Amino acid sequence: MNTYDFKVKKMDGSEISMEEYKGKVLLVVNTATGCGFTPQYKELQELYKVFSAQGFEILDFPCNQFGEQAQGSNDEIHTFCTGRFGITFPQFAKIDVNGENAIPLYKWLTETVRS
């Protein structure tokens, strides 16, 4: 099993295969828009701007599991991130990254890292 075997949900709820990102360097992040780390979007966008032409992708998965710091709909979160930080990297539907409702990609990532 590898990263490209998974499908994830785009902001509109449709599925996309991780295969779409094959051959690229991926930084998969889970984020929150209402926490002390929210300004990280600025730095992430700067990284993306510098390296995206060389095959670097940031895949942003908002998560509300940690202190409910990613409240709002997918559209509200995306509007906030594009309006305030100008992000242009892919942002996906809000997910769980831990527990029984974690999406399969994150379950696999956490299991693989712990191995």
Side-chain angles (χ1 to χ4, degrees):
M1 181 156 265
N2 66 56
T3 304
Y4 310 113
D5 294 328
F6 295 94
K7 291 184 179 179
V8 295
K9 288 191 179 187
K10 295 174 13 176
M11 290 184 52
D12 66 4
S14 64
E15 284 191 336
I16 184 172
S17 172
M18 291 295 291
E19 182 84 18
E20 295 287 324
Y21 300 102
K22 195 167 191 167
K24 298 190 178 226
V25 174
L26 302 179
L27 175 59
V28 179
V29 297
N30 67 287
T31 56
T33 51
C35 74
F37 295 113
T38 300
Q40 72 186 343
Y41 277 111
K42 181 179 180 214
E43 288 84 11
L44 288 171
Q45 179 58 35
E46 288 172 5
L47 275 174
Y48 189 68
K49 187 176 176 182
V50 171
F51 296 108
S52 62
Q54 298 168 19
F56 175 68
E57 287 288 344
I58 297 172
L59 307 181
D60 178 20
F61 292 88
C63 177
N64 197 38
Q65 280 188 293
F66 307 101
E68 296 185 2
Q69 295 179 356
Q71 296 182 4
S73 69
N74 291 329
D75 286 338
E76 290 169 330
I77 290 170
H78 186 67
T79 297
F80 172 81
C81 293
T82 55
R84 185 153 183 200
F85 299 103
I87 69 160
T88 58
F89 49 83
Q91 194 170 45
F92 296 87
K94 190 170 16 175
I95 63 166
D96 281 355
V97 298
N98 291 318
E100 64 184 49
N101 295 321
I103 65 167
L105 173 63
Y106 263 83
K107 285 182 182 179
W108 179 78
L109 286 171
T110 56
E111 290 169 5
T112 302
V113 170
R114 290 183 186 148
S115 301

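Computed over heavy atoms, backbone and side chain alike; hydrogens, waters and symmetry mates excluded. Predicted model, so just to flag it, every value in this text is computed and none were measured.
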(message) Going by salt bridge (charged side-chain N to carboxylate O under 4.0 Å, His left out), name the residues that satisfy it together with Glu76, two or more places apart in sequence or in a different chain.
(response) none

(request) Considering non-hydrogen atoms only, spot the tightest contact between Tyr48 and Pro90 and give its length. (result) OH-CD, 4.1 Å

(message) Given 3.5 Å as the limit, does a donor-acceptor pair link the side chain of Asn74 with the main chain of Lys94, or not?
(response) yes

(message) Looking at every heavy atom in both Val97 and Cys63, which two are closest together, and how far apart are they?
(response) CG2-SG, 3.9 Å

(request) To the nearest 0.5 angstrom, please state how far the CE atom of Met1 sits from the CZ atom of Phe6. (result) 4.5 Å

(request) Report the distance from atom CD of Glu57 to atom CZ of Phe89, rounding to the nearest 0.5 Å. (result) 10.5 Å

(message) Nearest 0.5 angstrom please: Ile87 CD1 to Ile58 CD1, how far?
(response) 9.0 Å

(message) Rounded to the nearest 0.5 Å, what separates atom CD1 in Ile103 from atom CG in Asp96?
(response) 9.5 Å

(message) Looking at every heavy atom in both Leu105 and Phe61, which two are closest together, and how far apart are they?
(response) CD2-CZ, 4.2 Å

(request) Please say whether more than 12 non-hydrogen atoms of neighbouring residues, nucleotides or ligands are located less than 6.0 Å from NZ in Lys9. (result) no

(message) For residues Met11 and Val29: do they belong to one hydrophobic cluster (side chain heavy atoms under 4.5 Å, members Ile, Leu, Val, Met, Phe, Trp, Tyr)?
(response) no

(request) Could you grab the distance from atom CE of Met18 to atom NZ of Lys7, nearest 0.5 Å is fine? (result) 13.0 Å

(request) Output yes when a side-chain donor or acceptor of Gln91 lies under 3.5 Å from a complementary backbone atom of Pro62, and no otherwise. (result) no

(request) Give a yes-or-no answer on whether the side chains of Tyr41 and Thr31 include a donor-acceptor pair shorter than 3.5 Å. (result) yes

(message) I want to check something: taking the side chain as every heavy atom from C-beta on, are Ile16 and Phe92 in contact at a cut-off of under 4.5 Å?
(response) yes

(request) Check the side chains of Asp75 and Ser73 for a donor-acceptor pair under 3.5 angstrom, ignoring hydrogens and angles. (result) no

(message) Pair Leu44, Leu27 - check side-chain contact (heavy atoms from CB on, under 4.5 Å), show working.
(response) CA-CA 10 Å; Leu44 288 171; Leu27 175 59; 4.0 Å; yes

(message) For the OH atom of Tyr106 and the CD1 atom of Ile95, what is their distance to the nearest 0.5 Å?
(response) 5.0 Å

(message) Is it the case that the side chain of Ser14 and the backbone of Lys10 share a donor-acceptor pair, with hydrogens and angles ignored and the cut-off at 3.5 Å?
(response) no

